[in-house]
Amino acid sequence: MATLNWRTINIDALDPDSPANFDLSSLTPAVAPVSTADVQSLAGQIRQLLRSGDNEGALQGALENVPYGADEKGKEVHLATVIEILQSIRQSDMSPILSRIYSAPGGTEALDVLMKYIYKGMGQTSASSTTRNITPQATGFSQIHSRGGGEGGGQAMSVLLSWHEKLVEIAGPGSIVRVMTDRRTV
Amino acid sequence: MAPPEVHHLFHHPIADHSFAADRQTLAVARENSIDLYQRSGSKFELKDELTGHDKTVTGVDIAPNSGKIVTCSQDRNAYVWEPSPEGWKPTLVLLRINRAATCVRWAPSETKFAVGSGARLVPVCYFEEEDNWWVSKHIKKPIRSTVTAVAWHPNSVLLAAGSTDGHARVLSSFIKGVDARPEPSAWGERLPFNTVCGEFLNNTAGWVHSVAFSPSGNALAFAAHDSTLTVVYPSGPEEPPRAVVSVSTQVLPFMSLVWSSESEIIAAGYNCEAYRLQGSEQGWQLAGSLESKGRPGVQDHREESALNMFKQMDLKGKVTDDTKLKTVHQNTVQTIRSFEESGSGVTKISSSGVDGRVVIWTL
């Protein structure tokens with residue numbers, strides 16, 4: 001007994017009232033599980049819409065069928081789909097499309113979802129661009145590459161930033177707060 | 001609409017404020033003490049200071065009829081202050097919590113009060129005549145996290161608690177010998193202590209900042225950190241609610257809300273201004289701000305002399321001073337309360353915030 005190190009005992013595990021013993025699922029909204037295959041088939045359908053030129057329909061379809069219950073892989077697939085749609089829409093069409101989605105029933109919810117994907121996309125592009133673009137250069141101007149190159153992280157980021165700007169104009173700072181608060185992640 | 005009455009008391013955040021029934025005395029929580037202000041003319045003057053708490057005071061509430069003041073603080077204690085000829089006499093209330101107390105409210109009957117706490121429970125305190133002593137009884141289950149807001153139902157038995165676990169709950173705080181048996185309502189018929197009459201979560205499960213029962217007590221509204229306001233209409237005991245209406249707003253989250261009538265809620269928070277929301281079971285919507293445009297004293301564009309303009313350019317690098325918000329409150333509004341009521345509902349509200357202002361608004 002004397003050798004037992006009391007300070008390393010996890011007392012939370014022994015206390016039935018401790019927050020460490022909560023079932024955390026009771027704190028989050030219920031989401032239905034979605035398989036990666038379903039997400040992929042949805043992505044196929046959306047791409048078809050995109051090919052036929054119905055960008056708005058594709059965006060709406062992608063935002064209405066959010067795979068909250070999917071695993072990391074499935075979520076990644078859907079993120080790629082949404083980013084592809086966002087990149088295929090011209091800058092001048094952004095605001096009209098957003099206002100039409102906003103005024104439709106359930107519009108605020110759809111725009112909140114879009115905001116989540118914009119933030120997630122920003123996180124992704126910066127992560128991938130840092131790994132790709134940090135070349136050992138003594139000058140420290142390694143970032144010039146991605147900006148000047150016109151493809152990769154910088155390009156994707158500028159698309160997302162213009163979407164973000166247009167979206168905040170319509171949905172307000174409230175939608176940003178909802179992205180931070182929402183327990184249903186994309 | 002009359003312009004709002006602004007009282008800039010000091011340069012400290014006001015965690016909570018409360019007016020006495022005659023609206024001549026104002027109590028505000030300022031750091032570790034409670035300042036009592038007395039109205040003289042159009043101003044409020046500091047009259048008394050209640051000291052005793054040794055950490056930040058988080059809640060203050062004046063009972064309208066008895067005039068007793070209850071306060072709670074991060075030091076995990078609550079005090080009941082009673083007026084006496086020698087000044088205010090504090091009585092310590094042992095809450096038996098191991099985390100900070102976050103908010104406190106008298107029940108409408110004034111025989112008990114509820115305290116929100118970080119200890120995942122709600123102490124309900126009542127006075128025991130025999131022992132001459134305030135006793136606290138804990139509502140524990142099923143609260144999973146800090147309770148940020150409490151609000152009483154008009155029957156003084158049902159209590160709403162909003163928590164950082166994203167739930168707004170309706171709980172029974174019935175105490176034998178203190179409360180009369182409540183009339184059965186849509187929330188429940190038999191209500192022993194700690195009965196859970198409803199547990200509500202909004203879509204995003206954002207943490208709850210404020211809860212309030214409608215004047216009749218037949219609806220519950222709560223505001224959460226996802227900038228939504230949710231109104232729940234119960235249908236009956238043990239049944240799912242008749243309607244749950246959630247409004248996702250474009251503005252920043254609301255910190256406090258008050259029902260001005262059965263169909264109107266005033267809410268204010270991080271946007272530094274109060275908003276009007278109107279609706280019914282069929283739906284709610286944001287109806288606009290209480291701030292009136294073109295209010296005197298705010299957008300005063302003084303005619304600048306050329307010399308002054310260049311002076312400003314030289315000193316600050318810009319001509320106009322844009323450090324002032326266009327709203328009356330210059331920082332987050334923490335608390336709003338009903339100030340004046342008439343037969344049809346609330347006609348005036350008071351608000352206080354991080355900027356040290358107390359403002360009285362005419363609706």
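Model, not experiment: these values are computed from the prediction. Lettering of chains follows the sequences in order, A, B, ..., and the numbering in each one begins at 1.
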Colleague: Does any heavy atom of chain B fall under 4.5 Å from the side chain of A:L111, the backbone, both, or neither of them?
Modeller: neither
Colleague: Looking at A:T108, A:V179, A:T181, A:V168, which one has more heavy-atom pairs under 4.5 Å with chain B than the rest?
Modeller: A:T181
Colleague: So which part of B:S246 gets closer than 4.5 Å to some heavy atom of chain A, the side chain, the backbone, both or neither?
Modeller: neither
Colleague: I'd like to know if A:R184 pairs up with A:E109 as an ion pair, taking the criterion as any Lys NZ or Arg NE/NH1/NH2 lying under 4.0 Å from an Asp or Glu carboxylate oxygen.
Modeller: yes
Colleague: If we define contacts as heavy-atom pairs under 4.5 Å, which of B:L252, B:N271, B:N202 has the most with chain A?
Modeller: B:L252
Colleague: Compute the ring centroids of A:Y119 and A:H164, then answer whether they are less than 6.0 Å apart.
Modeller: yes
Colleague: Over 60° means perpendicular and under 30° means parallel, so tell me whether B:W284 and B:W259 are parallel, tilted or perpendicular.
Modeller: perpendicular
Colleague: According to the interplanar angle, ranging from 0 to 90°, do the rings of B:Y270 and B:H225 count as parallel (below 30°), tilted (30 to 60°) or perpendicular (above 60°)?
Modeller: perpendicular
Colleague: Please classify the contact of A:Y68 with chain B as side chain, backbone, both or neither, using a heavy-atom distance under 4.5 Å.
Modeller: neither
Colleague: Are A:D71 and A:K73 close enough for a salt bridge, meaning some N to O gap below 4.0 Å?
Modeller: no
